[in-house]
There are 2 protein chains.
Amino acid sequence: MGVGAQAATRRRGAELERAILRAAVAELAESGYAGLTMDRVARRAGTNKNAIYRRWPHRAALGVAAYRQLVTEQTPTPDTGDLRGDALELLRGVNCDLATPRAEVLRSLLASANDEPELLAQLHEQVADGGTGPWLTILDRAAARGEVADGTVHPRVATVALVLLRNEYLTRGLTTVPDNVLVEIVDEVYLPLVRRTG
Amino acid sequence: MGVGAQAATRRRGAELERAILRAAVAELAESGYAGLTMDRVARRAGTNKNAIYRRWPHRAALGVAAYRQLVTEQTPTPDTGDLRGDALELLRGVNCDLATPRAEVLRSLLASANDEPELLAQLHEQVADGGTGPWLTILDRAAARGEVADGTVHPRVATVALVLLRNEYLTRGLTTVPDNVLVEIVDEVYLPLVRRTG
DNA sequence: TCGATTAAGGTACGGCACGTACCGTACCCT
DNA sequence: AGGGTACGGTACGTGCCGTACCTTAATCGA
């Protein structure tokens with residue numbers, strides 16, 4: 001009945017679900033979680049709220065699903081030749097990620113998912129697993145070069161720099177952390193720590 | 001006209017403001033920021049929304065003000081006799097704080113204050129200043145005992161343990177961090193780090 | 001002492017967004 | 001062909017934010 005011309009065939013099942021999710025991702029990227037309105041997602045996907053609520057029980061669930069789609073990029077592990085360079089490179093990569101609206105989206109989702117432990121768990125998973133791997137890799141390479149003592153480094157030690165950066169971002173404002181702070185984290189904390197532990 | 005009997009004298013100015021703030025704090029503590037409704041605060045304070053909007057421009061501002069009231073407690077700096085005990089004690093204190101609904105409130109506020117840089121700044125201030133002092137104190141005492149080398153420790157180093165705990169809380173779920181993790185943080189990261197730096 | 005001014009109370013909105021209900025209709029399977 | 005299922009459209013009910021408008025009490029200045 002509408003003026004729209006997409007009534008050729010009616011989408012169903014997985015196809016419609018993908019369309020909804022794509023619309024949700026777009027809204028999330030454009031307007032953040034606050035702008036992720038069920039009505040707007042429905043309109044953008046060319047469907048109605050009913051189709052959404054048959055798949056996700058509430059807005060927060062849709063938001064988490066859209067966020068998963070939004071953050072499925074992986075940054076390659078750097079290999080500059082020495083541990084200091086690798087660590088700095090990793091930190092800079094994360095720092096760029098923090099500058100994108102994705103961080104704000106994540107915070108909004110964390111706040112909105114307080115009542116749904118399941119959603120919280122999903123989010124925490126994504127955040128937690130985000131960074132441990134690359135740090136172990138660069139430490140292994142450093143050990144092979146003799147930069148640090150051999151032996152397994154405690155994961156808590158390996159990711160200290162990442163954790164400090166996260167804290168810096170949360171503590172100071174929302175903007176990108178200046179590069180000299182990254183250098184400080186690496187030189188004052190991370191390198192002294194990993195060079196000692198073995 | 002109501003059945004309530006508090007219509008003896010009409011509160012004004014600072015008195016009314018305190019009543020509103022107390023009601024907001026109570027709502028915040030009971031139901032979190034999501035439950036901090038202007039209507040409910042007004043009803044609880046025995047007044048109406050008008051009186052609130054004359055003092056705070058919007059809900060977020062009232063939320064921040066109430067949060068300030070909520071976190072004006074100070075934990076004394078521990079003095080157990082050695083650095084390890086002091087650090088653990090500090091961590092345990094913070095850990096207890098995280099168990100209260102205050103942490104959830106803070107997350108909600110952080111997410112909701114994205115559009116108000118002023119409010120964000122106030123919140124960040126409170127979070128940032130929260131813990132540096134005590135850590136410097138216990139490090140000074142440790143230096144006096146000869147446990148660590150003399151000289152000024154970088155603030156970033158001094159608060160590493162606190163930052164790790166915060167991260168642990170944000171990363172893994174919502175519950176209290178188990179004590180063995182606190183021990184791990186102190187023994188694997190904090191003590192090796194501060195004993196080396198000097 | 002007494003009006004004028006200020007600040008409170010009371011209430012009713014407009015607007016928006018979430019989540020639900022109902023009904024007609026297109027698709028799919030047997 | 002016929003039944004079951006999912007989609008489209010739409011209209012609600014509810015809750016909350018923020019605002020407008022008026023009434024009423026308290027305070028202040030002359």
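Lettering of chains follows the sequences in order, A, B, ..., and the numbering in each one begins at 1. Owing to the predicted nature of the structure, the values given are computational and were not obtained by experimental measurement.
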- [ ] Spell out, yes or no, whether B/Leu136 and B/Val189 are grouped together once hydrophobic residues are joined by side-chain heavy atoms under 4.5 Å, including indirect joins.
- [x] no

- [ ] Report yes or no: do B/Asn95 and B/Thr176 form a side-chain donor-acceptor pair below 3.5 Å?
- [x] no

Open item on the list: Mind checking if B/Ile52 touches a base, just sugar-phosphate, or nothing, with heavy atoms under 4.0 Å?
Closed with: nothing

Open item on the list: Can you pull out every salt bridge (Lys or Arg N to Asp or Glu O under 4.0 Å) where at least one residue sits in residues 48-61 of chain B? Sequence neighbours excluded, please.
Closed with: B/Glu17-B/Arg55, B/Asp39-B/Lys49

Task: Length of the CZ-P vector between A/Arg43 and C/dC16, whole Å - done: 12 Å

Task: Any residue meeting salt bridge (charged side-chain N to carboxylate O under 4.0 Å, His left out) with B/Arg22, in chain and number order, not counting sequence neighbours - done: none

Open item on the list: If I take atom CD in residue B/Glu15 and atom C1' in nucleotide D/dA26, what distance separates them, rounded to the nearest angstrom?
Closed with: 12 Å

What N/O pairs connect the protein and nucleotides 12-14 of chain D at under 3.5 Å? Give each pair on its own line.
none

Task: N-O pairing of A/Arg141 and A/Glu147 below 4.0 Å - done: no

TODO: Please figure out whether A/Asp39 or B/Asn48 has its closest DNA chain C nucleotide nearer the 5' end.
DONE: B/Asn48

Open item on the list: Does D/dC7 have its OP1 or OP2 closer than 4.0 Å to a side-chain nitrogen or oxygen of A/Thr47?
Closed with: no

TODO: Could you tell me whether B/Asp82 and B/Arg145 have a side-chain N and a carboxylate O separated by less than 4.0 Å?
DONE: no

TODO: Go through the structure and list residues passing side-chain hydrogen bond (donor to acceptor under 3.5 Å, both in side chains) with A/Glu89, not counting sequence neighbours.
DONE: none

Open item on the list: Using whole Å, what does the distance between atom C1' of nucleotide D/dT19 and atom CG of B/Asn50 come to?
Closed with: 8 Å

Task: No-H, no-angle donor-acceptor pair, B/Arg54 side chain to C/dA8 base, under 3.5 Å - done: yes

Task: Contact list for residues 27-36 of chain B, test salt bridge (Lys or Arg N to Asp or Glu O under 4.0 Å), sequence neighbours left out - done: B/Glu27-B/Arg40, B/Glu27-B/Arg44, B/Glu30-B/Arg44

- [ ] Measure from the side-chain N and O atoms of B/Thr159 to the backbone N and O of B/Thr132, and report whether any donor-acceptor pair falls under 3.5 Å.
- [x] no

Open item on the list: Heavy atoms within less than 4.0 Å of DNA chain C: which residues of residues 16-26 of chain A have one? Give them sorted by number.
Closed with: none

TODO: Mind calculating the distance between OH (B/Tyr53) and P (D/dG18) to the nearest angstrom?
DONE: 4 Å

TODO: Could you check how far CZ of B/Arg59 sits from C1' of D/dG18, rounded to whole Å?
DONE: 12 Å

Open item on the list: Within the 4.0 Å heavy-atom criterion, would you say A/Arg55 contacts the bases, only the backbone, or no part of the nucleic acid?
Closed with: sugar-phosphate

